[in-house]
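A quick write-up on the structure given underneath.
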Amino acid sequence: MYVVLGATGNSGKIVAETLLDRDHQVRVVGRSKKRLEGFAVLGAETFEADIADAAALTKAFTGARAVYALLPPDLASTDYRAQQDRRTNSIASALETAGVTHVVVLSSVGADKPDKTGPVAGLHVMEKRLSQISKLNALFLRAGYFMENTLPQVGIIKSFGMMAGPIRADLAVPMIATRDIGTAAADALLKLEFTGHQTRELLGHKDLTYSQVAKIIGAAIGIPNLSYVQLPADQVIQAMTQMGMSKNMAALICEMTDALNSGYMRALEPRSAANKTATLFEEFVHEVFVPAYKGQATTA
């Protein structure tokens, strides 16, 4: 039996569905049982729990062959780093108390750095904390920049006729579709070939700059001259808070992009068959971005 945290999110959904498709027992964990009902229809056991509740998670993890763990984002949190640490301690305590032997963890490129990386610093803490559990075999999947992070550009394009954000226009970053993260995590859970505490980067199909991203998106939505403009942090924070994000979270995201822009936060592995994933950005744009732009339901 496998336990999946974040099953209603992008990567967790793929993990749960893949394991169920292979006729494995799956227990999906979430704060809202109602949001998990779709998995019950597919044959999963649903378990309502807050991941900051170590006692509840211990019950959820009991009997698990392996666990898929992550720290779900909370864009409204007024102290996201503290929240990350509370959730990390809860997950670690539950894994240890329940005697789980294998866990696949969603981490990020840049998690090798202890600080100055915004939300990714919390994943560094998580990797360190879980690595202290001696009998636990842990695989940390350090994913690149989510292609889904481009989706807020829909509103910017419609309002201003261009793309804009805090990342340098000429900075090539490894972009990955979250469904490819889910596929890689499910594969690792099925095989359980990892031992000890290991890291593995997932770098998507290729590195892309935001200038290239704008060209690809522009061609797909009928704006061939679509451009991308880098904005200063204060403008980004103001825009993000106006969209409902906490000032704390917006500042952390800008700290992360500063780390990307400077090269402090970057992939450590050369691109290889082991860390390259299948989805082209052009495919993501066609299947997810364009429907979002047109106001249609996406396949993500």
Side-chain angles (χ1 to χ4, degrees), residues 1-74 82-107 111 122-123 125-141 181-200:
M1 188 269 294
Y2 294 94
V3 176
V4 178
L5 301 185
T8 57
N10 288 322
S11 65
K13 179 175 183 288
I14 297 296
V15 172
E17 290 178 348
T18 301
L19 296 172
L20 288 166
D21 284 345
R22 302 287 183 90
D23 294 324
H24 288 283
Q25 289 181 289
V26 177
R27 180 181 294 155
V28 291
V29 182
R31 286 198 301 175
S32 169
K33 208 156 191 176
K34 185 172 180 60
R35 292 188 65 197
L36 298 172
E37 286 176 354
F39 294 103
V41 173
L42 297 175
E45 176 190 345
T46 61
F47 193 102
E48 192 170 14
D50 187 320
I51 63 170
D53 184 341
L57 274 195
T58 299
K59 291 180 182 177
F61 291 170
T62 298
R65 180 172 188 245
V67 170
Y68 178 60
L70 49 72
L71 298 177
D74 183 352
Q83 183 188 77
Q84 283 181 303
D85 291 349
R86 285 194 300 273
R87 289 173 165 180
T88 287
N89 288 329
S90 172
I91 291 169
S93 174
L95 288 168
E96 195 162 20
T97 304
V100 176
T101 60
H102 290 78
V103 63
V104 174
V105 181
L106 175 56
S107 186
L123 301 177
V125 172
M126 189 183 197
E127 288 191 11
K128 293 295 184 185
R129 177 67 181 88
L130 297 190
S131 294
Q132 293 170 359
I133 304 174
S134 59
K135 294 182 180 179
L136 179 67
N137 300 292
L139 175 63
F140 303 105
L141 296 178
I181 300 170
T183 297
D187 184 65
L189 287 165
L190 288 165
K191 293 178 179 176
L192 292 186
E193 293 176 343
F194 56 94
T195 57
H197 307 119
Q198 301 179 17
T199 62
R200 174 187 167 197

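Start at 1 with the first residue, then count along the sequence.
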Report the residues that fulfil side-chain hydrogen bond (donor to acceptor under 3.5 Å, both in side chains) with [X], sequence neighbours left out, ordered by chain and then residue number.
| X | result |
| --- | --- |
| Ser11 | Tyr68 |
| Lys191 | Asp187 |
| Glu45 | Arg27 |
| Glu96 | none |

Restricting to non-hydrogen atoms, name the atom on [X] and the atom on [Y] that form the minimum distance, rounded to 0.1 Å.
| X | Y | value |
| --- | --- | --- |
| Ser93 | Arg129 | N-NH2, 4.4 Å |
| Val104 | Leu189 | CG2-CD2, 3.6 Å |
| Thr46 | Lys33 | OG1-CE, 3.1 Å |
| Val103 | Val105 | CG2-CG2, 3.8 Å |
| Ala185 | Val15 | CB-CG2, 3.7 Å |
| Val3 | Ala60 | CG2-O, 3.3 Å |

Between [Y] and [X], is there a side-chain heavy-atom distance shorter than 4.5 Å?
| X | Y | value |
| --- | --- | --- |
| Leu123 | Phe140 | no |
| Ile91 | Leu5 | yes |
| Glu17 | Leu42 | yes |

Pairwise distance [atom1]([X]) to [atom2]([Y]) - rounded to 0.5 angstrom:
| X | Y | atom1 | atom2 | value |
| --- | --- | --- | --- | --- |
| Met126 | Leu106 | CE | CG | 8.5 Å |
| Leu36 | Glu48 | CG | CD | 8.0 Å |
| Ser107 | Arg200 | OG | CZ | 13.5 Å |
| His197 | Leu136 | NE2 | CG | 5.5 Å |
| Leu95 | Thr101 | CG | OG1 | 10.0 Å |

| query | If only atom types and distance count, is the side chain of His102 paired as donor or acceptor with the main-chain N or O of Leu139 below 3.5 Å? | reply | no
| task | Please confirm whether the backbone N or O of Pro72 pairs with a side-chain atom of Arg87, one donor and one acceptor, at under 3.5 Å? | result | yes
| query | Should we count CD of Gln83 as having more than 12 external heavy atoms under 6.0 Å? | reply | yes
| With sequence neighbours left out, which residue pairs that include part of residues 1-57 fulfil the ring-ring contact (aromatic ring centres under 6.0 Å, His included) condition? | Tyr2-His24
Side chains of residues 49-58: which donor-acceptor partners sit under 3.5 Å, not counting sequence neighbours?
residue: Asp50; atom: OD1; partner: Ala52; partner atom: N; Å: 2.8
residue: Asp53; atom: OD1; partner: Ala55; partner atom: N; Å: 3.2
residue: Asp53; atom: OD1; partner: Ala56; partner atom: N; Å: 3.1
residue: Thr58; atom: OG1; partner: Ala54; partner atom: O; Å: 2.7

